[in-house]
**Q** 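Quick one: the structure is below, questions incoming.
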Amino acid sequence: MTSTISNISRKAQTAGTLSHAVVSPAQWLQQRHALLAREKELTRLHDQVARERRALPWVRVEKNYVFDTPSGRRTLADLFEGRSQLVVQHFMFTPGAEQGCAHCSYMADHTDGALAHLAQRDVTFVAISRAALDDIECFRHRMGWRFNWVSSGDGDFNYDFHVSFRPEELASGAVDYNYQRLSMKNPDMPGVSVFCKDDDGVVYHSYSTYGRGVEVMMHTYNFLDLTPLGRHEEGLPYTMAWVRHHDRYEAAPAASACCHAQA
């Protein structure tokens with residue numbers, strides 16, 4: 001499958017390069033100005049939606065969620081580590097699985113560099129999965145990640161935030177995911193949730209996003225969206241079929257050739 005996907009990607013690259021329009025600098029600048037106007041519209045819309053997101057009402061978290069952490073059992077309030085805001089990656093790692101989800105790992109690969117900056121803005125980050133803590137720690141060590149990652153185990157947290165589904169839910173034919181009723185086969189799905197804690201230690205749920213909303217953590221996509229070939233996922237068996245755990249990718253010939261040329 002990996003080689004097949006790579007071949008499709010190479011064909012897409014070749015076709016996209018050979019068929020692209022080539023114009024004079026003046027013509028390019030004219031079209032770039034038109035696109036810039038559209039980009040500014042998008043930026044203003046993005047800012048507006050962000051304001052509306054912040055204006056959403058909160059829901060008080062009444063349940064006492066407890067997690068297994070390297071420091072022992074900790075509550076949801078403890079995970080804030082003294083800050084008032086908490087961002088949670090709902091990481092797909094099913095109990096008994098050999099490794100965490102490749103797509104969730106793609107998300108997580110972008111996190112460590114942001115941790116210091118988030119802390120300066122009163123934000124703590126944590127990943128939460130149902131897998132056993134020992135399995136989480138083993139996989140985290142393999143991937144070289146530094147961010148906090150805890151286990152919700154058999155607790156209700158994943159189920160209450162609609163990223164995990166009990167067998168009877170899956171058997172019913174439809175589950176609540178991404179704010180709709182969907183047919184689902186996977187016992188776990190990705191998501192990002194945000195919580196706030198007031199001066200009295202009360203925790204509130206302010207926001208959750210699922211589906212393509214989790215692309216907020218996939219900064220590589222932002223880079224790819226700048227390039228002529230973009231994500232070039234159209235010919236793949238499914239979106240993100242090219243994504244691997246970062247230690248499982250094949251060598252990238254183009255990158256090697258470029259480095260050799262520079263040498």
Side-chain angles (χ1 to χ4, degrees), residues 5 8-9 12-13 16 35 38-56 85-94 99-115 117-118 121 123-129 140 143 145-149 158 161-165 175-180 182 184-195 205-249:
I5 291 172
I8 294 174
S9 296
Q13 290 175 4
L35 177 61
R38 295 286 288 159
E39 289 176 335
K40 289 183 178 294
E41 289 179 14
L42 181 59
T43 297
R44 288 190 288 269
L45 178 59
H46 180 276
D47 291 344
Q48 176 185 332
V49 171
R51 289 191 294 269
E52 294 173 5
R53 183 184 299 117
R54 293 192 296 270
L56 279 174
Q85 302 171 99
L86 178 70
V87 174
V88 171
Q89 179 187 358
H90 300 288
F91 197 118
M92 295 169 63
F93 196 167
T94 305
Q99 58 188 358
C101 165
H103 297 166
C104 290
S105 297
Y106 174 61
M107 293 167 61
D109 279 334
H110 301 86
T111 298
D112 278 345
L115 294 177
H117 306 292
L118 290 173
R121 307 316 297 161
V123 177
T124 297
F125 174 90
V126 65
I128 299 178
S129 302
R140 185 166 73 102
M143 302 302 284
W145 293 326
R146 296 183 292 106
F147 59 79
N148 291 333
W149 192 355
N158 278 46
F161 288 92
H162 307 292
V163 290
S164 293
F165 315 101
V175 301
D176 290 319
Y177 181 69
N178 199 18
Y179 306 105
Q180 55 191 312
L182 297 173
M184 187 70 64
K185 295 181 179 179
N186 295 332
D188 293 282
M189 291 294 285
V192 177
S193 290
V194 181
F195 300 88
H205 174 222
S206 66
Y207 181 74
S208 286
T209 188
Y210 312 95
R212 286 198 63 181
V214 303
E215 287 185 12
V216 67
M217 289 184 60
M218 300 177 181
H219 310 319
T220 298
Y221 268 155
N222 293 327
F223 284 111
L224 293 176
D225 288 342
L226 297 176
T227 66
L229 298 178
R231 304 181 185 189
H232 54 88
E233 296 177 328
E234 294 80 5
L236 302 182
Y238 59 91
T239 301
M240 296 184 72
W242 61 275
V243 172
R244 298 286 181 270
H245 294 101
H246 63 239
D247 60 349
R248 297 294 187 265
Y249 280 117

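Values below: every heavy atom of this structure, side chains too, minus hydrogens, waters and symmetry copies.
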**Q** Just by modelled atom types, is the Met240 backbone N or O under 3.5 Å from a matching donor or acceptor in the His103 side chain?
**A**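 Side chain of His103 to backbone of Met240: a pair is present.
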**Q** Quick one: closest heavy-atom pair of Arg146 and Arg140, and the distance?
**A**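 Of all heavy-atom pairs spanning Arg146 and Arg140, the closest is O-NH1, 3.4 Å.
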**Q** I'd like to know if the side chain of His46 and the backbone of Gln48 have a donor-acceptor N/O pair within less than 3.5 Å.
**A**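 The answer is no, because no donor-acceptor pair under 3.5 Å joins these two groups.
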**Q** State, without any angle test, whether His110 and Thr220 hold a side-chain donor-acceptor pair at a distance under 3.5 Å.
**A**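 Distance-only check passes for His110 and Thr220.
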**Q** Quick one, Phe125 and Leu115 - any side-chain contact, counting heavy atoms below 4.5 Å?
**A**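 Side chain of Phe125 against side chain of Leu115, heavy atoms only: contact under 4.5 Å found.
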**Q** Rounded to the nearest 0.5 Å, what's the gap from OH on Tyr179 to NE2 on His162? Could you check?
**A**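 Rounded to the nearest 0.5 Å, the OH-NE2 separation comes out at 8.0 Å.
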**Q** Is the shortest distance from a Lys or Arg side-chain nitrogen in Arg44 or Glu41 to a carboxylate oxygen in the other one below 4.0 Å?
**A**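 The answer is no: the pair does not qualify as a salt bridge.
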**Q** Is any side-chain heavy atom of Trp242 closer than 4.5 Å to one of Arg231?
**A**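 Of all side-chain heavy-atom pairs linking Trp242 with Arg231, none is under 4.5 Å.
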**Q** For ring-ring contact (aromatic ring centres under 6.0 Å, His included), just list the numbers for Phe91 and Phe147, CA-CA rounded to whole Å, side-chain angles, deciding distance to a tenth of an Å, and then say yes or no.
**A** CA-CA 12 Å; Phe91 197 118; Phe147 59 79; 7.3 Å; no
**Q** Does any non-hydrogen side-chain atom of Phe93 lie less than 4.5 Å from one of Cys104?
**A**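 Result no, sub-4.5 Å side-chain heavy-atom pair not found.
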**Q** Kindly write out the residues that satisfy salt bridge (Lys or Arg N to Asp or Glu O under 4.0 Å) with Asp176, not counting sequence neighbours, or none if the list is empty.
**A**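 Result, salt bridge (Lys or Arg N to Asp or Glu O under 4.0 Å) vs Asp176: Arg181.
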**Q** For Met107, run the side-chain contact (heavy atoms from CB on, under 4.5 Å) check against Met92, Glu215, Met217 and tell me which one passes.
**A**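 It is Met217, the one option of Met92, Glu215, Met217 that forms the side-chain contact (heavy atoms from CB on, under 4.5 Å) with Met107.
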**Q** Please examine the side chains of Gln180 and Tyr210, heavy atoms only from C-beta on, and report whether any two atoms are closer than 4.5 Å.
**A**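 They are not in side-chain contact.
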**Q** Heavy atoms only: give me the nearest Thr209-Val214 pair and the separation to one decimal.
**A**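 Answer, listing the atom of Thr209 first, then Val214: O-CG1, 3.9 Å.
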**Q** Walk me through it: do Asp247 and Met143 pass the test side chain to side chain contact (heavy atoms under 4.5 Å, CB included)?
**A** CA-CA 7 Å; Asp247 60 349; Met143 302 302 284; 4.0 Å; yes
**Q** Can you name the nearest heavy-atom pair linking Leu56 to Ser206, along with the distance?
**A**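 In this case the closest contact between Leu56 and Ser206 is CD1-O, 4.1 Å.
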**Q** Donor-acceptor pair, distance only, cut-off 3.5 Å: does the side chain of His90 make one with the backbone of Met189?
**A**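 No, because the side chain of His90 does not come within donor-acceptor range (under 3.5 Å) of the backbone of Met189.
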**Q** Between Ala241 and Leu236, which heavy-atom pair has the shortest distance, and what is it?
**A**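 Minimum heavy-atom contact is CB-CB, 4.1 Å.
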**Q** How long is the straight-line distance from OG1 of Thr227 back to CG of Asn222, given to the nearest 0.5 Å?
**A**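 Between Asn222 CG and Thr227 OG1, I get 11.5 Å after rounding to 0.5 Å.
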**Q** Taking all heavy atoms of Pro187 and all of Thr94, pick out the closest pair and write down the distance.
**A**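 So the two residues come closest at CG-OG1, 4.1 Å.
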**Q** For residues Tyr249 and Arg244, report the shortest heavy-atom separation together with the two atoms involved.
**A**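 Where Tyr249 meets Arg244 most closely, the heavy atoms are OH-N, 3.3 Å.
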**Q** Are any side-chain N or O atoms of Tyr177 and backbone N or O atoms of Gly211, one a donor and one an acceptor, separated by less than 3.5 Å?
**A**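 Checking the backbone N and O of Gly211 against the side chain of Tyr177, a donor-acceptor pair under 3.5 Å is found.
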**Q** Would you please say whether a donor-acceptor pair under 3.5 Å links the side chains of Thr111 and Trp145?
**A**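 On atom types as modelled, these side chains do not qualify, holding no pair under 3.5 Å.
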